[in-house]
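A quick note: this is a predicted structure, and the numbers were derived from the prediction, not measured.
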Amino acid sequence: LCCFQLYGYCYQDSNDIPDTLTTITELGSPLEMIQLLQTSWEDRFRICLSLVRLLHYLAHSPLGSVTLLDFRPRQFVIVDGELKVTDLDDASVEESSCTSNSDCFMEFPARNFTLPCSVEGRCQSMNEKRNLYNAYRFFFTYLLPHSAPSSLRPLLDKIVNATGNHNKHGNAKYLALELSPRPSVNSEFTQKCMKSANTR
């Protein structure tokens, strides 16, 4: 599962506040990017792979395409080497309405994007694209290229560029396919790494 697991909850009065909600969840470690950058490339790859699974799930969830409006490292924890999202308060399934492409403008600190407005009057894939770019600027750009095996650099550059530039490959399905283990992905080392990442 890509989301924090809820084991139980109860409502009770606490300090004169009625119906205070108490939850019991699985135990996870707060995500510390500085510590994460000091781990092995295989461990960082595993975390990025779990993030790709999350992105794919959010893009194709039973509720529709879900975007995390507060997509930052502090919203995630590490559970058994896997990245999981803990805070869904700012999740949204609403794709922005539009009458022209100019209504589908996405603004980020480093760059901006304009997406097409569909005939149904919705900005095409805006939820998915927002998640992907945030994954790029907070995770992929730091965790994937640093100390990566030289044989994997072309593939990793392609993945980072796809999420950072919103090109034709910039979608969660493409990332999931590119990072799935298959014989064409270079070395025996990489196959072992991917197999480990997919089975943990």
Margin query: Is any side-chain heavy atom of Y9 closer than 4.5 Å to one of T25?
Written below: no

Item checked: Side chains of M106 and N112 in contact at under 4.5 Å (non-hydrogen atoms) -> no

Note to self: Do M126 and T67 make a side-chain contact, defined as non-hydrogen atoms from C-beta onward lying under 4.5 Å apart?
What the structure shows: no

Next item on the list: Tell me whether L69 is reachable from Y133 by hopping between hydrophobic residues (I, L, V, M, F, W, Y) whose side-chain heavy atoms are closer than 4.5 Å.
Entry: no

Note to self: Determine whether a donor-acceptor pair (N or O, by modelled atom type, separation under 3.5 Å) exists between the side chain of S125 and the backbone of E128.
What the structure shows: no

Check: Just checking, is any N or O donor in the side chain of S92 or E94 under 3.5 Å from an acceptor N or O on the other one?
Finding: no

Note to self: To the nearest 0.5 Å, what is the distance between CD on E26 and OG1 on T86?
What the structure shows: 10.5 Å

Margin query: Could you check whether any side-chain heavy atom of P62 comes within less than 4.5 Å of a side-chain heavy atom of Y57, counting everything from C-beta outward?
Written below: yes

Next item on the list: Supply the atom-to-atom distance L51 CG to E82 CD, rounded to the nearest 0.5 angstrom.
Entry: 11.0 Å

Notebook entry, point to check: Members other than Y7 in its cluster, when Ile, Leu, Val, Met, Phe, Trp, Tyr link by side-chain heavy atoms under 4.5 Å?
Noted result: I24

Note to self: Between W41 (side chain only) and L144 (backbone N and O only), is there a donor and an acceptor less than 3.5 Å apart?
What the structure shows: yes

Next item on the list: State which residues pass side-chain hydrogen bond (donor to acceptor under 3.5 Å, both in side chains) with N101; sequence neighbours excluded, sorted by chain then number.
Entry: none

Margin query: List the residues meeting side-chain contact (heavy atoms from CB on, under 4.5 Å) with D103, not counting sequence neighbours, and say none if there are none.
Written below: C98, T99, S100

Notebook entry, point to check: What's the spacing between R53 CZ and H56 NE2 if we round to 0.5 Å?
Noted result: 12.0 Å

Check: How about E95 and Q124: do any of their side-chain heavy atoms sit closer than 4.5 Å?
Finding: no

Check: Given D157 and V160, is the side-chain contact (heavy atoms from CB on, under 4.5 Å) satisfied, shown in steps?
Finding: CA-CA 5 Å; D157 287 344; V160 171; 5.7 Å; no

Check: Under 4.5 Å between side-chain heavy atoms, hopping through other hydrophobics if needed: is there a path connecting M33 to L83?
Finding: yes

Checklist line | Distance (rounded to the nearest 0.5 Å) between Q75 CD and L68 CG | finding: 8.5 Å

Next item on the list: Can you run down the side-chain hydrogen bond (donor to acceptor under 3.5 Å, both in side chains) pairs that involve residues 135-147, sequence neighbours left out, and say none if there aren't any?
Entry: N134-R137

Next item on the list: Enter the distance from L36:CG to S29:OG here, rounded to the nearest 0.5 Å.
Entry: 11.0 Å

Note to self: Under the rule for side-chain contact (heavy atoms from CB on, under 4.5 Å), what residues qualify as partners of S97, not counting sequence neighbours?
What the structure shows: R122

Check: Does any non-hydrogen side-chain atom of F113 lie less than 4.5 Å from one of F105?
Finding: no

Note to self: With ring-ring contact (aromatic ring centres under 6.0 Å, His included) as the rule and sequence neighbours excluded, what pairs involving residues 64-104 come up?
What the structure shows: F71-F76, F76-F139

Note to self: Can you confirm whether L31 sits close enough to R74 that some side-chain heavy atom of one is under 4.5 Å from a side-chain heavy atom of the other?
What the structure shows: no

Check: Can you tell me how far the CG atom of N131 sits from the CG atom of L54, to the nearest 0.5 Å?
Finding: 7.5 Å

Next item on the list: Looking only at non-hydrogen atoms, find the nearest pair between L143 and R44 and report the distance.
Entry: O-NH1, 2.8 Å

Next item on the list: Mark yes or no for whether T114, through its side chain, and C104, through its backbone, hold a donor-acceptor pair below 3.5 Å.
Entry: no

Next item on the list: Kindly say whether A148 contributes a backbone atom to a donor-acceptor pair with the side chain of R153 at under 3.5 angstrom?
Entry: yes

Notebook entry, point to check: So if you build clusters from Ile, Leu, Val, Met, Phe, Trp, Tyr with side-chain heavy-atom gaps below 4.5 Å, do L27 and I47 land together?
Noted result: no

Notebook entry, point to check: So, for S65 and N127, which heavy atoms are closest and what is the spacing to 0.1 Å?
Noted result: O-ND2, 2.9 Å

